[in-house]
Amino acid sequence: MNDIFDGLPFKPADILLPRDCDLSLWSVVACDQYTSQPEYWQRVEERVGRAPSALRLILPESCLEGPSVETDIMEVNNTMSRYLREGRFQEYPDALIYVERTLDSGKVRRGLVGMADLEAYDYEPGSSSAIQATEGVVMSRIPPRVAVRKNAPIELPHAILLSDCGDIVAPLAGRTGEMELLYDFELMEGGGYVKGWLLTREQQEQTARAIRARKEWADRERDGLLFVAGDGNHSLAAAKECYERRKGLTDPTQWPDLPSRYALCELVDLSGNGVDFEPIHRVVFGVKPEELLDALMKYCPSAVRGREEGHVLPFVIGRWSQGEITVTKPAANLPVDTLQRFLDDYTASHPKARVDYIHGEAEARALAEEREDAVAFLLPRPRWPELFDAVVRDGLLPRKTFSIGQAKDKRFYLEARKIRK
């Protein structure tokens, strides 16, 4: 392993890239997107056909509770092993990949693909680790992801770490002429365009120095917080769980060499203008809409119909009905927290009610409009001048508080890494 990165929570990895295939068919969006829109995944299935694809190496979240989930997981693992036997991947040892993702909006999101040290990651509230979650992890969502990962020979990341230090990723943007171009293609379904370059040894050294300097500053000024998980919180939590299990079966002297100690991810720079924080809307299924709204009014004594000062919660019912409820004296700091507290309480006592978390207002509206038993709550765009300060000050934010862009802007699977010897 590259010794200039010793002691740092983010470092180069032995990265696998697919070869001898159409990358536009290989690369598919993160598995936790479009969970209530099976038609999206059906279109992807039809487009990919029998071509080699990351679609065969992941399990969409909508399938995690399906009747054949164990068989599906086995098929995914078998396909991973077959792709490895067939030489479907080319390995780039000890590599960092600089990525430019041109979104459908025209904005460019810049990142760096490497691996996070899970010893430096913690999703528990009150953590002082270098890498922390931004929002609460739903513990019930970890076991299904562990089931997918525990016997998998490789991992494909959709996790994104966020850095507010412009000295780590941004300097690479003007030096791509010195790098080897590894991929350059258009992503499917409006995902935009992606290009990736292999860092030189000298650029890796520059990156290591920048991370080390920022870590020293974070240790002094911010209780050690260096990076936060912007996307893929639950995937990282599952990776952490798998690593902890492996540690329990391994001599401590061998822990640094365990492949499961690390998780491949992309470190994204917040200092540019390529990262948009979007709200994650809530759509509640299996309810009588007006009864749900009445329950919300009773749950929040200061709630009134219409828009006033306070936490405004717009809602959509069916094709023609929409309105707003304002909680004028909220107990929480954010509108999403006010709403989530109610929804958690309501679904606990109404087993037929189900909440889905939707990226994109149009998608949330469409789901509410096409069903009689659904209500969509449309949340405002998050506005935090300093995301990191909010995490340090307030601890974990409510789950599904924000999204990095819309669903089509999420990370697409491309790079991979072996996680079993």
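We count residues from 1, following the sequence as given.
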Basic-acidic side-chain contact under 4.0 Å: Arg56, Glu45:
yes
Over 60° means perpendicular and under 30° means parallel, so classify the ring planes of Tyr34 and Tyr40, tilted if in between.
parallel
Are the charged groups of Asp345 and Arg341 less than 4.0 angstrom apart, N to O?
no
With sequence neighbours left out, the residues meeting side chain to side chain contact (heavy atoms under 4.5 Å, CB included) with Gln42 are Glu46
Within the structure provided, determine whether Arg214 and Asp167 are in side-chain contact (heavy-atom separation under 4.5 Å).
no
Pairing residues for Ser105 by the side chain to side chain contact (heavy atoms under 4.5 Å, CB included) criterion, not counting sequence neighbours:
Leu103, Lys107
So which of Arg261, Lys215, Lys240 actually passes salt bridge (Lys or Arg N to Asp or Glu O under 4.0 Å) with Asp117?
Arg261
Once salt bridge (Lys or Arg N to Asp or Glu O under 4.0 Å) is applied, do any residues pair with Glu155, and if so which ones, sequence neighbours excluded?
Arg149, Arg417
Side chains of Phe10 and Cys265: closer than 4.5 Å at any heavy-atom pair?
yes
For the pair Arg212 and Glu216, find out whether any cationic side-chain nitrogen is under 4.0 Å from an anionic carboxylate oxygen.
no
Residues in salt bridge (Lys or Arg N to Asp or Glu O under 4.0 Å) contact with Lys150, at least two apart in sequence or another chain
none
Qualifying ring-ring contact (aromatic ring centres under 6.0 Å, His included) pairs, either residue in residues 152-193, two or more places apart:
His158-Tyr413
Taking side chain as C-beta onward, heavy atoms only, is Leu313 less than 4.5 Å from Leu296?
yes
List the residues meeting side chain to side chain donor-acceptor pair (under 3.5 Å) with Glu369, not counting sequence neighbours, and say none if there are none.
none
Name all pairs fulfilling the side-chain hydrogen bond (donor to acceptor under 3.5 Å, both in side chains) condition that reach into residues 286-298, sequence neighbours left out, sorted by first residue then second.
Glu290-Arg305
Tyr123 vs Leu236 side-chain heavy atoms within contact, under 4.5 Å
no
Flag the pair Leu112 / Val99 as yes when at least one side-chain heavy-atom distance between them is below 4.5 Å, and no otherwise.
no
I'd like to know if Lys408 and Asp104 make a salt bridge, using a cut-off of under 4.0 Å between side-chain N and carboxylate O.
yes
Write out all pairs satisfying side-chain hydrogen bond (donor to acceptor under 3.5 Å, both in side chains) with one or both partners inside residues 323-332, taking only residues at least two apart or from two chains.
Arg307-Glu324
Distance from Cys165 atom SG to Ile211 atom CD1, nearest 0.5 Å?
9.0 Å
I'd like to know if Glu119 and Lys247 make a salt bridge, using a cut-off of under 4.0 Å between side-chain N and carboxylate O.
yes
Under a 3.5 Å threshold, yes or no: a donor from one side chain and an acceptor from the other, between Tyr98 and Glu100?
yes
Within the structure provided, determine whether Ile358 and Arg282 are in side-chain contact (heavy-atom separation under 4.5 Å).
no
Test of understanding: with side chain to side chain contact (heavy atoms under 4.5 Å, CB included), list the residues that count as partners of Leu84, not counting sequence neighbours.
Leu16, Phe89, Pro153, Ile154, Lys418
Where do Asp164 and Arg222 land on the salt bridge (Lys or Arg N to Asp or Glu O under 4.0 Å) test, with the steps shown first?
CA-CA 12 Å; Asp164 63 344; Arg222 205 159 57 187; 2.9 Å; yes
The side chain to side chain contact (heavy atoms under 4.5 Å, CB included) partners of Asp22 (sequence neighbours excluded) come to Ser24, Leu25
Please identify each residue that fulfils salt bridge (Lys or Arg N to Asp or Glu O under 4.0 Å) with Glu178, with sequence neighbours left out.
Arg175
Inter- and intrachain pairs under ring-ring contact (aromatic ring centres under 6.0 Å, His included), touching residues 341-360, at least two apart:
Tyr299-Phe342, Phe342-Tyr346, Tyr346-His350
Carboxylate-amine/guanidinium contact Arg43 Glu39, below 4.0 Å
no
Side-chain touch Pro18/Leu414, heavy atoms, less than 4.5 angstrom
yes
Quick check: do Cys300 and Pro330 have side-chain heavy atoms less than 4.5 Å from each other?
no
Asp32/Arg411 ion pair, N-O < 4.0 Å:
no
